[in-house]
Amino acid sequence: MSAIRDDGKTKEFLGVIPSKTYYFSQVHPIPSYLMAIAVGNLSRVELGQRCAVWSEPEMMDACAFEFAEVERILEVAETICGPYIWKRFDFLVLPPSFPCGGMENPNMTFLSPTLVVGDKSLVTVLAHEIAHSWSGNLATTASWEHFWLNEGWTRFIETKIKAKLEKDENVRKFLAQSALKRMDEDFKLFQKQGKFNLTALVRDLSNSHPSDAFCSIPYEKGSRLLSYLEEFVGGPELFGPYILKYFQHFEFVPVDSQLWLDHFITCFPQKSESLKALPWEEIFFTPGSMGFNYDTSNPLSLMSDEIVRFWVQSSNDFCLQEIRGQFPKAAEFPVILKRDILEGVLENNLEWSQMKFESFTDFLGLQGSKNCELRVPWIRIGLKCGVKQVAVDAVDVLKSVGRVKYVRPLYRALYDWEQTRSTALDTFETMKNSMNPMRAKRIATDLQLEI
């Protein structure tokens with residue numbers, strides 16, 4: 001559970017029905033949404049002095065291998081945010097029906113099994129959940145209208161952790177540039193559903209359930225705001241000490257956007273007038289893109305854009321060797337670059353032949369991939385190109401994965417093509433009772449159903 005187990009107090013009762021009583025201790029105050037309990041046939045492997053992975057025994061070897069670097073990630077996070085006060089960072093890999101990538105319960109983070117892909121390519125999702133140990137669990141949003149104070153801060157810190165792990169500041173810029181694609185997709189979706197007001201950084205939820213507003217926008221808009229302000233006040237060297245001050249000042253205190261802003265301005269007295277002059281009303285409350293930019297140019301994004309342009313603009317009878325000659329090791333690209341290319345292609349109207357789609361698949365080495373970060377956008381591209389056989393792959397994902405980040409776009413993609421619309425509806429009818437109720441409601445909205 002979201003506490004530390006006291007094994008010394010465990011009591012075993014022998015009788016007609018043998019039982020054990022376990023005792024847990026949480027010495028720090030936590031908000032109610034972080035209270036969690038998990039029960040099952042679970043095993044544990046220690047991965048460091050403060051970290052352990054829990055899972056069902058059948059998955060343990062794979063999980064222990066995948067997350068072996070967790071202690072290092074936690075140490076890097078401490079260099080950014082200050083000492084880790086929670087003593088233990090244990091985490092539990094849940095069954096496939098778990099609808100989230102992770103949930104940051106103190107002392108026992110929950111993770112999706114979709115992260116266990118065998119090559120550690122998604123392990124830095126742990127960086128996000130570890131960052132929550134400060135942003136969210138230590139300094140907590142006062143209400144869901146100010147959700148960005150949890151998730152925007154966490155995304156911002158996550159990218160800093162990843163850059164330190166890779167020893168390359170361009171990683172942060174690439175992740176920020178890549179995130180624009182996901183934000184743009186969410187802007188379009190909320191516009192289509194008549195809920196564009198929910199794309200503001202501080203959302204008015206008076207007529208909406210917080211779950212209805214859940215998307216990438218608080219994460220990415222919030223992170224972009226903090227990155228912009230970091231540059232505005234003079235760069236990471238000046239912003240770094242402020243991060244420590246923020247978590248110290250709001251330790252175990254609910255914080256809203258105005259409280260955050262007031263404190264932020266006091267931390268930079270030499271910039272206070274110019275900070276006060278920023279259009280905060282617009283920054284907080286205007287839906288859609290923010291009216292400012294900062295430098296995110298980086299070599300990886302330029303490469304991704306060049307590859308996307310080639311595939312989008314080339315004819316169906318193009319020569320595969322032309323692009324392969326420029327990028328002979330594309331099939332070995334890191335997952336984050338492949339995903340960015342896939343998402344870049346998805347932004348365009350596609351009239352590809354099946355042969356071109358298969359060539360694209362071969363170019364990036366995507367055939368047979370079980371990594372949902374790649375498999376899901378690949379399936380969506382196939383459906384967009386009218387390649388009906390990828391619908392089989394889509395149904396396979398929908399029946400084996402519960403993570404909403406993956407299943408919701410797949411349901412929409414199947415529904416949007418008339419030839420696979422019935423597949424979307426039939427699959428949802430089969431799976432809806434095994435879904436988290438709020439997630440099922442959101443997918444039903446996408447499929448124009450009421451439940």
Side-chain angles (χ1 to χ4, degrees), residues 62 66 96 101 112-125 174-175 178 181-182 185 300-301 303-401 403 405-414 416-417 420 423:
E66 201 80 29
S112 165
T114 59
L115 305 178
V116 184
V117 292
D119 61 7
K120 301 185 179 182
S121 60
L122 304 183
V123 71
T124 47
V125 170
F174 172 76
L175 292 171
S178 183
K181 299 180 179 71
R182 289 182 289 284
E185 184 171 14
L300 214 55
S301 291
M303 182 193 299
S304 176
D305 292 345
E306 181 182 352
I307 292 170
V308 169
R309 273 195 303 272
F310 174 85
W311 284 99
V312 170
Q313 295 174 7
S314 61
S315 63
N316 280 327
D317 58 354
F318 77 105
C319 177
L320 178 59
Q321 296 309 316
E322 180 184 343
I323 186 70
R324 186 166 276 163
Q326 291 179 259
F327 303 99
K329 296 186 177 181
E332 300 172 21
F333 282 167
V335 168
I336 59 170
L337 178 54
K338 287 185 179 181
R339 183 188 68 181
D340 192 65
I341 294 167
L342 289 161
E343 291 175 344
V345 168
L346 268 172
E347 288 185 317
N348 296 272
N349 294 320
L350 303 176
E351 295 181 359
W352 292 3
S353 65
Q354 181 167 332
M355 184 177 294
K356 183 173 180 179
F357 174 72
E358 291 171 354
S359 295
F360 177 72
T361 301
D362 183 52
F363 172 71
L364 286 178
L366 300 172
Q367 190 63 49
S369 175
K370 297 299 182 183
N371 186 330
C372 284
E373 284 292 294
L374 305 178
R375 192 182 184 194
V376 169
W378 172 77
I379 292 169
R380 292 174 63 197
I381 290 171
L383 292 171
K384 208 168 184 180
C385 294
V387 182
K388 194 169 182 180
Q389 57 262 43
V390 298
V392 176
D393 292 85
V395 172
D396 179 57
V397 173
L398 296 176
K399 288 189 174 182
S400 61
V401 172
R403 191 173 171 186
K405 174 185 177 180
Y406 300 136
V407 300
R408 196 176 175 200
L410 279 185
Y411 273 115
R412 288 200 299 263
L414 287 168
D416 286 345
W417 188 20
T420 55
T423 302

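Numbers here are sequence positions counted from 1.
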Tell me whether Gln326 at atom CD has more than 12 heavy atoms from other residues, nucleotides or ligands lying less than 6.0 Å away.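 It does: Gln326 CD has more than 12 such atoms within range.
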Can you tell me how far apart [atom1] ([X]) and [atom2] ([Y]) are? Round to the nearest 0.5 Å.
{"X": "Asp362", "Y": "Phe357", "atom1": "CG", "atom2": "CZ", "result": "12.0 Å"}
{"X": "Ile379", "Y": "Leu342", "atom1": "CD1", "atom2": "CG", "result": "11.0 Å"}
{"X": "Leu398", "Y": "Leu410", "atom1": "CG", "atom2": "CG", "result": "5.0 Å"}
{"X": "Leu383", "Y": "Leu350", "atom1": "CG", "atom2": "CG", "result": "11.5 Å"}
{"X": "Gln313", "Y": "Asn348", "atom1": "CD", "atom2": "CG", "result": "8.5 Å"}
{"X": "Thr423", "Y": "Tyr411", "atom1": "OG1", "atom2": "OH", "result": "11.0 Å"}

Are any non-hydrogen side-chain atoms of [X] and [Y] less than 4.5 angstrom apart?
{"X": "Ile341", "Y": "Phe333", "answer": "yes"}
{"X": "Lys384", "Y": "Trp417", "answer": "no"}
{"X": "Arg339", "Y": "Arg182", "answer": "yes"}
{"X": "Leu320", "Y": "Met355", "answer": "no"}
{"X": "Leu346", "Y": "Ile381", "answer": "yes"}

Contact summary for [X] and [Y], nearest pair of heavy atoms:
{"X": "Thr114", "Y": "Val117", "result": "O-CG1, 3.4 Å"}
{"X": "Leu122", "Y": "Asn371", "result": "CD1-OD1, 3.6 Å"}
{"X": "Glu343", "Y": "Ser178", "result": "OE1-OG, 4.0 Å"}
{"X": "Ala62", "Y": "Val116", "result": "CB-CG1, 3.8 Å"}
{"X": "Leu414", "Y": "Ala391", "result": "CD2-CB, 4.1 Å"}
{"X": "Cys372", "Y": "Pro377", "result": "O-CD, 3.8 Å"}

Between Glu358 and Gln354, is a side chain to side chain donor-acceptor pair (under 3.5 Å) present by the stated rule, with each step listed? CA-CA 6 Å; Glu358 291 171 354; Gln354 181 167 332; 3.1 Å; yes
Counting N and O atoms only, with roles assigned by atom type, does the side chain of Asp340 sit under 3.5 Å from a partner on the main chain of Ser304, one being a donor and the other an acceptor?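 Not confirmed, Asp340 side chain does not pair with Ser304 backbone.
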Checking side-chain contact (heavy atoms from CB on, under 4.5 Å) for the pair Leu364/Trp378: CA distance, chi angles, key distance, verdict? CA-CA 10 Å; Leu364 286 178; Trp378 172 77; over 6 Å; no
Lys356 and side-chain contact (heavy atoms from CB on, under 4.5 Å): which partner among Cys385, Ser314, Ser315?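 The side-chain contact (heavy atoms from CB on, under 4.5 Å) with Lys356 is passed solely by Ser314 among Cys385, Ser314, Ser315.
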Geometric class of the Trp311/Phe363 ring pair [parallel <30°, tilted 30-60°, perpendicular >60°]: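 Because their plane-to-plane angle lies in the 30° to 60° range, the rings of Phe363 and Trp311 count as tilted.
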